[in-house]
Amino acid sequence: MITITFPDKSVREFQEGVTGLQIAEGISGRLAREALCISVNGEVWDLNRPIPEDSQVELYTWNDRKGKETFWHTSAHLMAEAIDFYYPGTKFGIGPSIETGFYYDMEFPEDIQLTDKDLPKIEKKMLELSKLKNSIVRRDVSKKEAIDFFTKKNDQLKLELINELEDGTITFYQQGNYTDLCKGPHLPNTGYIKAVKLTSIAGAYWRGDEKNKMLTRVYGVTFPKQKELTEYLAFLEEAKKRDHRKIGKEMELFIFSGKVGAGLPMWLPKGTILRTQLEDFLKRVQKRFGYVQVITPHIGNVELYKTSGHYQKYGADSFQTIKTPVKGEEYMLKPMNCPHHCEIYAYKPRSYKDLPLRIAEFGTVYRYEQSGELHGLTRVRGFTQDDAHLFCRPDQLKDEFKKVIDIIFIIFKAMEMNDYTAQISLRDPKTPEKYIGTKENWEKAERAIVEASAEKGLKTTTVIGEAAFYGPKLDFMVKDAIGRSWQLGTIQVDYNLPERFGLEYIGADDKRYRPIMIHRAPFGSMERFVAVLIENTAGKFPLWLTPDQVVVLPISEKFNDYAKKVSEFLNNSDIRTIIDDRDEKIGRKIRDNELKRIPYMLVVGEKEVNNGEVSVRRQGKGDEGSMTIEKFATMITDLVKEQQKIDY
RNA sequence: GCCGGGGUAGCUCAGAGGUAGAGCGCAUCCUUGGUAAGGAUGAGGUCACGAGUUCAAAUCUCGUUCUCGGCUCCA
């Protein structure tokens with residue numbers, strides 16, 4: 001007998017070699033049905049793998065991340081089995097579970113070109129195979145056996161993987177006629193998979209290296225119940241409606257034009273109102289935090305970027321230089337604002353008393369992103385950063401960092417964005433050659449970031465090796481409608497540029513010292529921020545940001561003059577108001593303006609004209625009764641003021 | 001940049017060798033209305049661009065460009 005310990009510390013005796021499934025059965029029939037995998041002493045195992053000795057275990061179901069991972073990993077194998085059936089000779093690379101679903105990277109026989117149209121038949125085959133409820137059998141194999149097996153299949157991809165494995169640690173998983181090299185774990189049989197959707201086909205470099213050949217990647221997602229697939233597909237449909245590209249078009253916020261060029265957004269009047277509101281708000285916040293606002297040109301002499309080091313590092317992949325009539329003179333579109341700000345720092349001697357100096361600019365920069373990477377407003381070639389560079393003394397670093405975190409908190413609060421994550425990126429001490437600056441400075445900077453985050457009560461994840469070459473950073477991430485995470489706010493410590501630009505300040509002892517620089521952008525870029533804001537709000541922005549805040553709806557043409565009076569009064573009170581005086585019935589006007597996401601509709605007819613009132617209707621909420629124009633204006637003004645309040 | 005989809009009216013999309021379609025929007029007229037779609041009529045297209053095949057190309061081929069889903073990259 002062996003002793004099995006459960007997460008609640010309870011203990012039970014079982015036969016040696018008991019399986020996870022048998023343990024689950026011993027607890028309840030329901031658990032036995034729902035369990036998908038089990039962790040044994042911290043390692044996730046198959047449910048039908050015998051447990052040889054005393055162990056701590058935990059059973060996982062669909063409700064657990066690990067349960068889903070196992071489910072989707074097995075699904076990847078099921079898909080491979082189906083594809084192997086239709087396209088014998090296909091070579092299978094790597095097929096993991098991902099956040100939602102799974103993929104498999106494959107090399108198809110040369111005459112096969114898989115397209116979307118092939119996916120339904122593969123889905124159907126997968127369901128057929130799952131109905132067979134084939135057991136999934138784990139088997140230890142020797143390295144030689146593994147090599148022989150895949151040599152016979154001529155699968156170079158698997159052979160490459162096997163070569164990197166140690167003899168004695170290699171396992172095969174088999175279901176029906178399909179055998180795969182895999183470390184598992186897997187479901188007990190394929191019958192658990194009841195609903196299948198293959199979502200897309202994409203190219204993917206073998207092992208993520210663009211020097212390798214490109215394989216075909218098929219993405220899919222599966223569920224234990226058909227209903228869950230239906231719900232998931234409905235979720236995707238909903239998400240599509242929140243896509244910022246779609247809403248941006250509907251609400252006339254921004255456009256792209258092929259004639260202007262890829263990745264170069266143009267802000268339409270309504271989008272410009274939204275963006276200007278954001279900028280004005282941040283300017284007010286920054287003023288309170290002691291920033292000074294500057295403006296710098298869109299181009300700079302190539303020598304500037306040679307000094308900063310950007311030219312050497314990124315010049316070749318950037319927009320090409322602009323030549324002037326003067327021989328040898330070249331300019332570059334500004335890829336970042338920091339070199340200009342360094343020059344602003346350097347134009348006169350600075351005293352330790354001047355620090356910290358906080359230079360802010362809504363600086364538009366241009367970067368030649370690869371064509372395949374462009375995506376709506378989230379990844380563009382011309383964008384405006386809400387940039388600032390803080391030049392400070394070492395003893396001020398942590399405090400400055402904390403103040404930037406405060407600003408980011410203020411921003412997210414005003415935007416009603418509560419669902420963000422924060423990531424600290426540190427250097428990898430094992431590869432010091434990738435970083436510039438002294439070890440002492442790095443340690444100081446990293447400590448400052450870690451401590452500042454902790455003292456601000458920020459929940460962070462820490463990633464080693466993700467730091468920029470010039471310093472560690474703290475990034476804030478927010479998800480879009482379909483769950484893709486985008487980096488918005490960023491705070492980075494930089495010892496490099498002050499060095500390269502020879503920046504100095506005079507200390508109290510009359511000696512020269514080098515300031516530390518912090519790059520920071522709470523929004524990240526106006527473009528990306530607005531994109532994420534649109535997806536988070538589905539275009540129903542907080543009132544203060546909404547381009548058209550109020551629309552006046554005259555009941556009939558007879559009341560157009562009164563409507564005009566109302567709108568003039570409101571506009572004069574700084575409330576953005578338009579009129580819908582189309583020759584339509586009121587029901588129609590209400591419907592159309594509801595769909596346009598205008599927060600307030602003011603219905604005006606005979607009653608209102610007689611009383612100097614407006615009948616207030618709120619978007620999504622309906623009729624809220626009538627009040628005088630003045631009272632309405634005060635209400636809106638107060639509301640907006642409250643929303644724009646800077647408090648922390 | 002790479003792999004695979006696309007580009008047809010302002011928008012959403014159908015059409016797949018033989019002179020271009022729908023719904024919404026827009027214009028005009030009728031209607032003058034009370035909280036989510038009133039009616040009639042009409043205008044609107046170099047079918048992304050350029051070459052080729054063909055008696056004939058929106059439709060087939062090639063190139064370019066933009067765009068979508070990924071990969072790679074990301075200052």
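A note on names: the letters A, B, ... follow the listed sequences, proteins ahead of strands, and every chain is numbered from 1. Treat the numbers as computed from the prediction; the structure is a model and nothing was measured. Only heavy atoms go into these numbers, but all of them, side chains included; no hydrogens, no water, no symmetry mates.
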Contact letters for nucleotides 22-27 of chain B, in which S counts primed atoms plus P, OP1 and OP2 and B counts the base, heavy atoms under 4.0 Å: ---S--

Between P on B:C71 and OH on A:Tyr205, what's the gap in Å once rounded to a whole number? 11 Å

Partners of A:Lys270 by salt bridge (charged side-chain N to carboxylate O under 4.0 Å, His left out), sequence neighbours excluded? A:Asp548

A:Asp118: which residues meet the side-chain hydrogen bond (donor to acceptor under 3.5 Å, both in side chains) condition with it, sequence neighbours left out? none

Partners of A:Glu123 by side-chain contact (heavy atoms from CB on, under 4.5 Å), sequence neighbours excluded? A:Val196, A:Lys197, A:Leu198

Residues at least two apart in sequence or cross-chain that pass salt bridge (charged side-chain N to carboxylate O under 4.0 Å, His left out) with A:Lys631, listed by chain then number, are none

How would you list, by chain and number, every residue that makes a side-chain hydrogen bond (donor to acceptor under 3.5 Å, both in side chains) with A:Lys589, sequence neighbours excluded? none

Exercise answer: donor-acceptor pairs, residues 95-103 of chain A side-chain atoms, under 3.5 Å, sequence neighbours excluded:
{"from": "A:Tyr103", "atom 1": "OH", "to": "A:Arg217", "atom 2": "NH2", "distance (Å)": "3.4"}

So, using side-chain hydrogen bond (donor to acceptor under 3.5 Å, both in side chains) as the criterion, who are the partners of A:Thr321 when residues are at least two apart? A:Glu330

Contacts under 3.5 Å, N or O only, protein and nucleotides 63-69 of chain B:
{"from": "B:C68", "atom 1": "OP1", "to": "A:Arg245", "atom 2": "NH1", "distance (Å)": "3.2"}
{"from": "B:C68", "atom 1": "O3'", "to": "A:Arg245", "atom 2": "NH1", "distance (Å)": "3.3"}
{"from": "B:G69", "atom 1": "OP1", "to": "A:Arg245", "atom 2": "NH1", "distance (Å)": "3.2"}
{"from": "B:G69", "atom 1": "OP1", "to": "A:Arg245", "atom 2": "NH2", "distance (Å)": "2.9"}
{"from": "B:G69", "atom 1": "OP2", "to": "A:Arg245", "atom 2": "NH1", "distance (Å)": "3.4"}
{"from": "B:G69", "atom 1": "OP2", "to": "A:His375", "atom 2": "ND1", "distance (Å)": "3.2"}
{"from": "B:G69", "atom 1": "N2", "to": "A:Ile201", "atom 2": "O", "distance (Å)": "3.4"}

Every protein N/O lying under 3.5 Å from an N/O of nucleotides 7-12 of chain B:
{"from": "B:U12", "atom 1": "OP1", "to": "A:Lys249", "atom 2": "NZ", "distance (Å)": "3.3"}

Once salt bridge (charged side-chain N to carboxylate O under 4.0 Å, His left out) is applied, do any residues pair with A:Glu343, and if so which ones, sequence neighbours excluded? none

Residues in side-chain contact (heavy atoms from CB on, under 4.5 Å) with A:Thr490, at least two apart? A:Asp475, A:Gln487, A:Gln492, A:Ala521

